[in-house]
Amino acid sequence: MSSSTLPIAKAITAGLRDAMRVDDKVLLMGEDIGVLGGVFRVTDGLHAEFGSQRVVDTPLAEAGIVGTSVGLAVRGYRPVVEIQFDGFVFPAFNQITTQVAKMHNRTHGAVHMPIVIRIPHGGGIGAIEHHSESPEALFAHTAGLRILAPSNAQDAYWMTRQAIECEDPVIMFEPKKRYWVKGDVDPDHRPELSPWEAAVVRPGTDATLLAWGPSMPLALESAEAAAADGIELEVIDARSLSPVDLPTIAASVKRTGRLLIVHEAPVVGGLGGEIAARISEECFYHLEAPVLRVGGYHLPYPPARMEHAYLPDLDRVLDGVDRLLEH
Amino acid sequence: MSVFRSTIPDVAAQEPLIQLLATDGTRSPHEELDAVLAGSGGDDDLQTPERLRGYYRDMVMIRAADLEATSLQRQGQLGLWASALGQEAAQIGAGHASREQDYLVPTYREHGIAWARGIEPWRLLESYRGVSHGGWDPNELRTHPYMIVLGSQAPHAVGYAMGLQRDGVVGTGDRETDTAVLALFGDGASSEGEVSESFTFSASFEAPVVFFTQNNQWAISVPTSVQSRVPLAQRSRGWGIPSVRVDGNDVLAVLAAVRDALDAARAGEGPRFIEAVTYRMAAHTTSDDASRYRPAVEEQEWAEKDPILRLRRHLEQLGEIDEAFVARCDEEAQDLAMQLHHHIHGMEDPDPVGMFTHAYAEPHPIVEAERAQYLEYIAQFEDDESTEQKGGRA
Ligand SMILES: Cc1ncc(C[n+]2csc(CCOP(=O)(O)OP(=O)(O)O)c2C)c(N)n1
């Protein structure tokens, strides 16, 4: 496949397909991923190409899906698991946090856990309860896991490939409301930027805006809007949420003196708090203002008709920028 | 020869399916269940012509509400709808088998159960519209909230049943107060670990709970054969929980089996499990495309087993239904659909500040602070608007 324009969902499909073609130990497991091609159609066509031994429609049991991948991984396979929606990862939480994350450590490195857990991530799609969650901090808090959050098609393709190649377990949070947003994908040229590094996607001088996955378009839109008012925001796509690429963020903050973190997850106990603390430590003498966060409230994700008020939006981000610059 | 004894496939093939009403409406006798329906032990007769007409009306009503909800979704009034078309007999039968005091634990597709419990259909639509995550008082309506995370409600049902034991309202012989729990989940959900754990707890503690699975053949795109190699009815037997498999499109068979099971549970005989074999006639939800995985002939085959038609044929055979009654039911059903339509079209979006109200029962400083912050933030725009009206930004 040569360079082309693909929606994020199809970029992931391409990543899965190419990974399965080069390594026959890669297999996919999940609910409805076979004939249906997944509820978001991310595995569309793969069952037809690779058959039901490699694209497995599982029984409806997340703990079972992830737990059996542990066994498959011990046996040398590279399972890629689809969790149907973010809110349904919790039945598998025990397996992910107590088993997947710790097996390598427990076996003194004898066993690798090259498992990829793909999770459609975030809100803003008008869904019912449990379909719009942002649980990244719950997993980022667990040592032994790696977490990626692509925000565009090129990252979606390559992060899929690189997550599958990784010898550690990787959770990939996929920005579900952007599944059908297109972007250029070049599958022939491995990007120079490692998946574990953040990307400065827009240079700026007045403050740094950090976001990831589903919040990236908002961050860029906010930077546009701020620029119209003469404020130049540097925008960083975190890309990797565990580990977070602190050096890149710190270098930016040392230039701009200010940091605003935007994410959909509740601010309380969120990943933004961890990053804020690290940056305060690292950049204490460069900071012109405290690190600020804009995110969800300390509430269960609300019903769809209220989510606009819950999710960060342009005004709330610009409000955050104003507060940053007041200092 | 191996020491292992298989339950596959010989036993599976022998798992009987209890049916009282054939597709053409013919009633066949059944020793035990006929006694249950006749009200053995002093209960009401559950199959008087009047009652049968009532079940018919209920099924017609919820089907109309269901079809209207689907059309409301198409009109953009609901974010999603999970149709129960084809499962009316299973739900109306199970709903009416319960007694007033019983506690029902449904999932997201149990519109007939809700109807039988007297929950107005628009209350169900609120969560599909996205104005609420539920919102009724389970204790008042003795009906648990609709559950989305599959299987997670099964242990709640068992816990409630354990509470009933502690409250001394199980096995006293008083039919007005002895209480049981009816837990509902799909054939797919029955694979979740929590359902197995619920079997364990209910069996260990002899909890008064009846597990009721509507095997509607599909869990989104996955057929029941992926969930279980044996008929689901056999699953609970490994836990020592007696079970039965009934025709889920036969309202009388469901009614009788569930009543029988609930009676046993209320009497302190422990849990029961029922597999109701039925069919999801619509797609999984309005955002699913069933044609990708399901052959149309299968849908046609099941259309002939329609539960509403079947009861109507039975009533015709009894000479207990006439055109006027049928027309009246249809009219009432249309009225209900219209009411639903108007109710939903007139439904205002909730004030988002309401989302801060119920996260905690007691005051919580962070939520309070965030609420204040939110109000302040909103007020900013109101100020802007008034200044703009006065001519320009401040
Ligand atoms: C824990 C969990 N995993 C996945 C889902 C997504 N999901 C919703 S309904 C469904 C299929 C359920 O099938 P079944 O239990 O047979 O009930 P039915 O929908 O057929 O009534 C799936 C996979 C979910 N709601 N919860």
Side-chain angles (χ1 to χ4, degrees), chain A residues 30-41 44 47 52 56-65 67 84-85 87-92 94-95 125-132 266-269 295-310 313 315-316 319-320 322, chain B residues 79-80 82 108 126-135 146-152 186-196 219-223 226-228 284 287-289 292-293 347 349-356 358-360 364 366-367 369-371 373-374 377-378 380-381:
Chain A
E31 294 158 7
D32 301 292
I33 67 165
V35 180
L36 187 66
V39 292
F40 291 107
R41 307 288 183 261
D44 206 7
H47 183 264
S52 51
V56 185
D57 261 334
T58 62
L60 218 168
E62 291 75 10
I65 297 170
Q84 203 157 71
F85 275 91
F88 308 145
V89 69
F90 298 111
N94 171 45
Q95 284 291 338
I125 59 161
I128 55 172
E129 204 184 359
H130 308 298
H131 290 69
S132 304
V267 164
V268 173
Y297 299 105
H298 188 57
L299 302 173
Y301 194 89
R305 302 244 171 182
M306 301 189 211
E307 67 180 339
H308 62 280
Y310 176 88
D313 62 9
D315 286 317
R316 276 175 64 198
D319 200 55
D322 286 348
Chain B
L80 184 82
Y108 47 84
E126 285 178 3
S127 65
Y128 286 102
R129 184 179 167 86
V131 302
S132 150
H133 284 326
Y146 266 20
M147 282 291 156
I148 305 288
V149 183
L150 295 165
S152 54
D187 47 301
S190 74
S191 293
E192 291 283 358
E194 279 143 315
V195 171
S196 293
I220 308 190
S221 70
V222 178
V226 173
Q227 315 294 342
S228 180
H284 172 67
S287 43
D288 172 43
D289 173 10
R292 285 180 78 108
Y293 53 83
M347 198 182 268
D349 280 357
D351 182 349
V353 76
M355 71 188 170
F356 291 94
H358 293 304
Y360 293 90
H364 186 291
I366 289 176
V367 173
E370 289 190 345
R371 183 170 178 276
Q373 195 187 319
Y374 174 76
Y377 172 69
I378 290 297
Q380 201 177 297
F381 296 105

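Chain A is the first sequence line, chain B the second, and so forth, proteins listed ahead of strands; every chain is numbered from 1.
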Beyond-backbone contact of B:P350 with A:M306, side-chain heavy atoms, under 4.5 angstrom = yes

message = At a 4.5 Å cut-off on heavy atoms, which part of B:L150 comes close to chain A: side chain, backbone, both, or neither?
response = side chain

ask   = What distance do B:S221 atom OG and A:E31 atom CD have between them, rounded to the nearest 0.5 Å?
value = 9.5 Å

ask   = For B:D289, is it the side chain, the backbone, both or neither that has a heavy atom under 4.5 Å from a heavy atom of chain A?
value = both

ask   = Can we say A:D32 and B:R292 salt-bridge, meaning some charged N sits less than 4.0 Å from an Asp/Glu carboxylate O?
value = no

task = Give the ring-plane orientation class for B:H364 versus A:H298, where under 30° counts as parallel, over 60° as perpendicular and anything between as tilted.
result = tilted

Heavy-atom proximity to chain A below 4.5 Å, by part of B:Y360 = side chain

Side chain to side chain, A:H308 and B:P352, heavy atoms closer than 4.5 Å = yes

query = With side chains defined as the heavy atoms from C-beta onward, is the minimum distance between A:L60 and B:I220 less than 4.5 Å?
reply = no

request  = Heavy-atom distances under 4.5 Å only: say whether A:P91 touches chain B with side chain, backbone, both or neither.
outcome  = side chain

ask   = Given a strict heavy-atom distance threshold of 4.5 Å, which part of A:D44 is in contact with chain B: side chain, backbone, both, or neither?
value = side chain

Interatomic distance, A:Y297 atom OH to B:M355 atom CE [nearest 0.5 angstrom] = 5.5 Å

request  = Would you mind telling me which of A:P300, A:A304, A:P59 has the largest number of heavy-atom pairs within less than 4.5 Å of chain B?
outcome  = A:P59

task = Evaluate the side-chain proximity of A:V268 to B:E370: yes if any heavy-atom separation is below 4.5 Å, no if none is.
result = yes

message = Donor-acceptor check, side chain of A:H130 to backbone of B:M147, threshold 3.5 angstrom: yes or no?
response = no

query = Does any heavy atom of chain A fall under 4.5 Å from the side chain of B:V131, the backbone, both, or neither of them?
reply = both

Portion of B:Y377 that has a non-hydrogen atom of chain A nearer than 4.5 angstrom = side chain

ask   = A:D57 versus chain B, heavy atoms under 4.5 Å apart: side chain, backbone, both or neither?
value = both

request  = Side chain from CB out, backbone as N, CA, C, O: work out which of these in A:E62 comes under 4.5 Å of a heavy atom of chain B, or both, or neither.
outcome  = both

request  = Tell me, out of A:T58, A:I128, A:V39, A:V35, who's got the most heavy-atom pairs with chain B below 4.5 Å.
outcome  = A:I128

message = Would you say that A:F88 contacts B:I148 through its side chain, given a criterion of any heavy-atom pair below 4.5 Å between the two side chains?
response = yes

ask   = Side chains of B:V149 and A:F90: closer than 4.5 Å at any heavy-atom pair?
value = no

Interchain contact, B:R371 with chain A, by part (heavy-atom threshold 4.5 Å) = neither

ask   = Given that the side chain runs from C-beta out, which part of B:L80 has a heavy atom under 4.5 Å from chain A: side chain, backbone, both or neither?
value = side chain

